[in-house]
Amino acid sequence: MELSDCSNEYEKLVVRMNMPRVVIDNGVCPTSTVVKIDSARSPGILLESVQLLTDMNLWIKKAYISSDGKWNMDVFHVSDLNGNKLTDENLIRYIEKSIETSHYCKSEGYTGLTALELTGTDRVGLLSEVFAVLADLHCDVVEAKAWTHNGRIASMIYVRDGSSGTPIDGDSDRVQRIEGQLHNLLKADDGYQNDTRTCVTYGGNTHMERRLHQRMFMDRDYERKFDSETSPVVSVQNLEKRGYSVVNLQCKDRLKLLFDVVCTLTDMAYIVFHAAIRTVGETAFLEFYVRHSDGNPVNSEPERQRLIQCLQAAIERRTVKGVRLELCTTDRPGLLAEVTRVLRENGLNIARAKISTKEGIARNVFYVTDANGNLIDPEIIKSIREKIGIDDISVKESFPLSCREAVEKEEQKQEQQHYQARIGGGAVLLSLGSLVMRNLYQLGLVKSYF
């Protein structure tokens, strides 16, 4: 056996020895399933584990993270969206297999698509103009997500050629036209022109929400002022004897909270050595013992303030604002541009968007407010339904801000159901729809019920 062959076999042995070992136990805790992960320390391994659990729409209610030398021991207490333990053996085996696979990376089915990444100053009608430009350039939007925060917007859009269904990045002239027109749309007139960014790349395994966090972080959305009364409570103190910085966070618990925090710590090059996460009622308490990748704790006041601001921004970005509109119907060219144009013409701003097209069915979810960020008049919803065409597109009933947690939970349930059932043709609404709205109306949580 040649030396190179011995080296390759040794490398494979090291990989097998260092692969994470997973134990999933339903007998330890009466209210949740315990997921224990032992793994060799490597960059981003904690984020990969948390990312997988949150991508499965699991709620992490408690967690303990510890690193002893070059080895990690992470324990997560998880439940489904109804607060129940995990009983599906197929799901349990999938979690075990996925975490145990070295270098986990979630593929969201974007192979063969072209990715557009956008950041800039948010304004009323901006997304509508973006989708109109893409429609004019004969680009079909297959998947897209958009977040807004502190007057900024970040969006990731996967497109393909409207005629051939192939990626568009092979045509350099067309790519330049797309980048140029989108860049002009994103230019601001308030002094932030230089912060406008557009990027065209070939599909792959990019995790959309992780990438949106990175785009927002690079765009410095955290530098704007926060509302001290509603902002998450974040503190950073140094533990001199141990050489750690202790990061404490307190905020309202929600889905994907731990992912958002760990994602930001990773992007800021902080390594988590120990952590404890718990929830009391609706409040989450998170404590992290971290060092920078250079081995040092936070060593200056500006660095401490920046870390606090970035963590607050990471938690706030996903906060839902406005009324939730859901449209689900047979896809057609220009549909997205048409729908967002109607929203724009009614003076509505899209605070967050999630676009998905699968098997010829378009499912678009928008959270909308008026131009000032306030709730919209129910009469405007009626007008929108009439203009879009209620016989052609189903518009999900609207929910006010006070009900957003219930709505988010329902949205996640719908995603789980999507993997278990194929969508038929025509106008379809994947939700409890009127039943949920009627119950909320009877409880006095909404002012109107169509």
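We count residues from 1, following the sequence as given. Nothing here was measured: the structure is a model prediction, and the numbers come from that model.
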4.5 Å side-chain heavy-atom contact, [X] and [Y]:
| X | Y | value |
| --- | --- | --- |
| Tyr94 | Met56 | yes |
| Leu185 | Val130 | yes |
| Phe288 | Leu249 | yes |
| Ser293 | Tyr270 | no |
| Thr283 | Gln250 | yes |
| Thr54 | Leu255 | no |
| Leu343 | Ile350 | yes |
| Val262 | Val272 | no |

If you round to the nearest 0.5 Å, how far is [atom2] of [Y] from [atom1] of [X]?
| X | Y | atom1 | atom2 | result |
| --- | --- | --- | --- | --- |
| Glu96 | Arg93 | CD | CZ | 8.5 Å |
| Phe285 | Arg278 | CZ | CZ | 5.5 Å |
| Arg318 | Leu257 | CZ | CG | 9.5 Å |
| Asn349 | Asp370 | CG | CG | 9.0 Å |
| Glu117 | Arg215 | CD | CZ | 5.0 Å |
| Ile37 | Asn72 | CD1 | CG | 9.5 Å |

Minimum heavy-atom separation for [X] to [Y], with atom names?
| X | Y | answer |
| --- | --- | --- |
| Met156 | Met208 | O-CE, 3.4 Å |
| Asp331 | Ala362 | OD1-CB, 3.9 Å |
| Cys139 | Ile168 | SG-CD1, 3.9 Å |
| Thr330 | Leu335 | O-CD2, 4.1 Å |
| Met268 | Cys310 | SD-CB, 3.5 Å |
| Gly322 | Thr369 | CA-CG2, 3.5 Å |

Lys145 NZ/CZ over Trp147 ring centroid, <6.0 Å and within 45° of normal: no

Six-ring centre of Phe366, Arg352 cation under 6.0 angstrom, axis tolerance 45°: no

Full working for side chain to side chain contact (heavy atoms under 4.5 Å, CB included) between Phe259 and Leu47: CA-CA 7 Å; Phe259 168 79; Leu47 177 59; 3.9 Å; yes

Side chain to side chain contact (heavy atoms under 4.5 Å, CB included) between Leu307 and Val298, intermediate numbers included: CA-CA 9 Å; Leu307 178 56; Val298 175; 4.1 Å; yes

Stepwise side chain to side chain contact (heavy atoms under 4.5 Å, CB included) test for Val34 and Ile24: CA-CA 6 Å; Val34 177; Ile24 299 180; over 6 Å; no

For residues [X] and [Y], is any side-chain donor paired with an opposing acceptor at under 3.5 Å?
| X | Y | value |
| --- | --- | --- |
| Asp260 | His213 | yes |
| Gln312 | Ser231 | no |
| Thr357 | Arg363 | no |
| Asp55 | His207 | yes |

Does any N or O in the side chain of [X] come within less than 3.5 Å of the main-chain N or O of [Y], such that one atom is a donor and the other an acceptor?
| X | Y | answer |
| --- | --- | --- |
| Arg174 | Leu137 | yes |
| Asn82 | Asn84 | no |
| Ser383 | Glu379 | no |
| Thr148 | Ala351 | yes |
| Asn346 | Leu348 | no |
| Thr340 | Ala337 | yes |

Flag the pair [X] and [Y] as a salt bridge only when some basic side-chain nitrogen lies within less than 4.0 angstrom of an acidic carboxylate oxygen.
| X | Y | answer |
| --- | --- | --- |
| Arg152 | Asp219 | yes |
| Arg341 | Glu129 | no |
| Arg211 | Glu209 | no |
| Glu303 | Arg306 | no |
| Glu282 | Arg254 | no |
| Asp267 | Arg210 | yes |

Salt bridge (Lys or Arg N to Asp or Glu O under 4.0 Å) evaluation trace for Arg317 with Asp221: CA-CA 9 Å; Arg317 284 173 196 143; Asp221 69 317; 2.9 Å; yes

NE2 (His138) with more than 12 external heavy atoms under 6.0 Å: no

Tyr289 and His274 aromatic ring geometry - parallel, tilted or perpendicular at 30°/60° bounds: perpendicular

Intermediate values then yes/no, side chain to side chain contact (heavy atoms under 4.5 Å, CB included), Val50 and Leu53: CA-CA 5 Å; Val50 173; Leu53 295 175; 5.9 Å; no

Contacts of type side-chain contact (heavy atoms from CB on, under 4.5 Å), residue Gln305, not counting sequence neighbours: Glu301

